[in-house]
Enquirer: 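Sharing a structure here in structure tokens format.
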Amino acid sequence: MSPLTELRGTARVQVEGDRLERRLPVRDKLLRSHIPRDRMAEAEWEAARRDPAGAWWLAVLGGAVPLADETAGMPRRPMRVVDLFAGAGGLMVGVARLLAEAGRQPVCELAVDIDSDALAVHRRNHRTRLLEAESVTSLSDYRILGLGDAARFVYPPKLLDESVASASTRVDLVMAGPPCQGHSNLNNRSRRSDRRNLLYLAVPAFAAACDARAVLIENVPSVVHDDARVVRTTCALLRSCGYAVTEGVLAADAMGWPQSRRRHFLVARRQESSTDPEPVSLSEVSDVLAADSARSVMWAIGGGQGLSRYPAMHAVPEFTDVTRERINWLFEQDAHDLSLSERPECHQDGTSYGSVYGRMHAGRPAPTITTGFMTQGRGRFVHPTERRTLTPAEAARLQGFPDDYVFWPEPNRSATRAQLAKWIGDSVAAPLGYAAALSALGPVLAQH
């Protein structure tokens with residue numbers, strides 16, 4: 001039996017002397033890291049004895065960087081990463097956290113996205129070396145024959161740009177979050193046949209072209225039902241290029257995180273010899289990171305926590321009179337679901353989206369954060385205790401961004417409200433990125 005499945009929830013955080021320690025089992029090795037007490041706020045340290053794992057998360061959200069025990073005082077060895085469909089860098093946050101705990105230095109060689117402002121945010125936070133504001137599909141020359149299990153590349157994919165090729169050759173990890181709107185169950189019109197779904201296939205082509213050691217792709221769980229069978233096709237393409245592949249769904253709240261977010265991940269590792277390790281299965285990752293219960297939304301955003309220091313991150317949109325009346329009704333009735341009589345006429349005969357216009361429960365995890373988190377009519381986004389929707393700072397915290405994450409493209413140019421909504425809502429919750437990185441990189445981290 002794999003060491004990861006011997007005990008459910010075998011990742012452990014505990015107070016040891018004047019520091020908080022984390023132990024993470026990976027294959028036959030135990031990764032040990034710690035956060036010194038002097039890098040934690042007093043409230044975080046006091047909470048550590050009651051909830052060590054929660055105190056660890058709060059300290060990291062507050063800006064603390066874990067230190068790896070085995071490499072303490074030594075230069076951190078680099079691990080090179082490429083981020084495709086990168087957005088503002090949310091997936092990179094989770095990957096960087098795992099690498100920090102393992103004593104490795106994340107080096108983002110390349111980030112690609114059609115949103116140049118998002119890439120500027122990515123560079124400000126992750127020191128990204130090369131930015132490419134263009135479609136991922138334009139970076140490599142490839143042709144695919146067949147779909148599903150029979151899919152193959154007609155010829156070996158090749159990178160078309162010399163600077164991209166130089167930055168990404170033999171990187172440790174290519175990760176990607178292709179647009180998920182085409183796969184989402186909220187897209188009733190074309191979710192199974194949306195042409196955007198084919199962007200997913202640009203990722204294995206890029207990975208094969210740059211000879212990446214590992215690949216990580218995330219999307220919504222319903223991606224597996226796509227008409228083009230992009231997941232099965234990608235698995236077949238990667239296996240034909242010598243990769244071992246695992247795929248499945250990870251749930252943030254199952255790991256104790258205060259958001260009920262589920263994402264599908266496909267993870268692969270190149271097998272150049274019989275001794276090269278395969279990725280850790282996602283079911284094993286789920287086992288080792290499992291928690292008995294999820295923390296509440298107010299654990300993350302309540303209790304007088306400062307959150308972001310940037311005033312614009314705390315801005316609340318101006319509500320229409322109708323929206324204000326609906327929010328007031330929820331509090332006056334001590335309700336969390338808006339009654340049909342208070343909804344728009346098109347909903348008053350019933351709706352399958354009962355959470356829309358709703359108020360979050362203070363003692364439960366938040367619902368999935370989307371780009372509509374500042375709009376009452378786009379989900380259950382009314383604050384549990386205050387008569388308003390979530391602020392960008394609160395949504396970013398629930399997504400696992402550290403409070404010091406800079407969402408401004410330039411020092412003197414802040415992001416618009418629409419940009420903040422998109423960058424934060426479209427991101428992968430950091431604990432999910434962390435877990436997927438454990439699958440992709442854990443086998444080699446465990447070799448040191």
Enquirer: For Leu130, does its backbone N or O pair with a side-chain atom of Glu109 as donor and acceptor, under 3.5 Å?
Expert: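 Pair absent, no side-chain N/O of Glu109 close to backbone of Leu130.
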Enquirer: What closest approach, in Å, do Asn219 and Pro178 show between heavy atoms, and which atom pair accounts for it?
Expert: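 That closest heavy-atom pairing would be ND2-O, 3.2 Å.
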Enquirer: Could you grab the distance from atom CG of Leu289 to atom OG1 of Thr10, nearest 0.5 Å is fine?
Expert: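 Result: 8.0 Å between the selected atoms.
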Enquirer: Checking Arg262 side chain against Pro221 main chain: does a donor-acceptor pair fall under 3.5 Å?
Expert: no
Enquirer: With a 3.5 Å cut-off and no angle check, do the side chains of Arg397 and Ser308 form a donor-acceptor pair?
Expert: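 Side chains of Arg397 and Ser308: no pair found under 3.5 Å.
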Enquirer: Judged by modelled atom types alone, do Gln419 and Asp117 share a side-chain donor-acceptor pair under 3.5 Å?
Expert: yes
Enquirer: Taking atom types as modelled and ignoring hydrogens, do the side chains of Gln259 and Gln399 form a donor-acceptor contact shorter than 3.5 angstrom?
Expert: yes
Enquirer: Kindly indicate, with the supporting measurements, whether the criterion side-chain contact (heavy atoms from CB on, under 4.5 Å) is fulfilled by Val164 and Leu110.
Expert: CA-CA 7 Å; Val164 169; Leu110 168 70; 3.8 Å; yes
Enquirer: Has Arg269 got a side-chain atom pairing as donor or acceptor with Ala440's backbone, closer than 3.5 angstrom?
Expert: yes
Enquirer: Any side-chain donor-acceptor pair under 3.5 Å between Arg97 and Tyr434?
Expert: no
Enquirer: For His122 and Thr128, does a side-chain donor sit closer than 3.5 Å to a side-chain acceptor?
Expert: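 The criterion, which ignores hydrogens and geometry beyond distance, is satisfied for Thr128 and His122.
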Enquirer: Could you tell me whether a side-chain N or O of Trp257 sits under 3.5 Å from a main-chain N or O of Leu398, the two making a donor and an acceptor?
Expert: yes
Enquirer: If you take all heavy atoms of Val267 and Ser439, which pair is closest and at what distance?
Expert: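 Heavy atoms of Val267 and Ser439 come nearest at CG1-OG, 3.4 Å.
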Enquirer: The test is side-chain contact (heavy atoms from CB on, under 4.5 Å); show your working for Leu173 and Val82 and say whether it passes.
Expert: CA-CA 6 Å; Leu173 176 67; Val82 166; over 6 Å; no
Enquirer: Quick one: pull up CZ in Phe153 and CG in Leu201 and give me the separation to the nearest 0.5 Å.
Expert: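 Those atoms lie 8.0 Å apart.
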Enquirer: For His336 and Tyr357, what are the C-alpha separation, side-chain angles and deciding distance, and is it a ring-ring contact (aromatic ring centres under 6.0 Å, His included)?
Expert: CA-CA 9 Å; His336 291 86; Tyr357 298 102; over 10 Å; no
Enquirer: Quick one about Glu218 and His264 (side-chain donor to acceptor, distance below 3.5 Å, no hydrogens or angles considered), yes or no?
Expert: no
Enquirer: When you measure from the side chain of Ser260 to the backbone of Pro365, do you find a donor-acceptor pair of N or O atoms at a distance under 3.5 Å?
Expert: no
Enquirer: For a quick check under 3.5 Å, do Asp141 and Tyr155 share a side-chain donor-acceptor pair by atom type?
Expert: yes
Enquirer: Anything under 30° is parallel, anything over 60° is perpendicular, the rest tilted; go ahead and classify Trp299 against Trp57.
Expert: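 Taking Trp57 first and then Trp299, their aromatic rings stand perpendicular (interplane angle over 60°).
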Enquirer: Just by modelled atom types, is the Val356 backbone N or O under 3.5 Å from a matching donor or acceptor in the Arg343 side chain?
Expert: yes
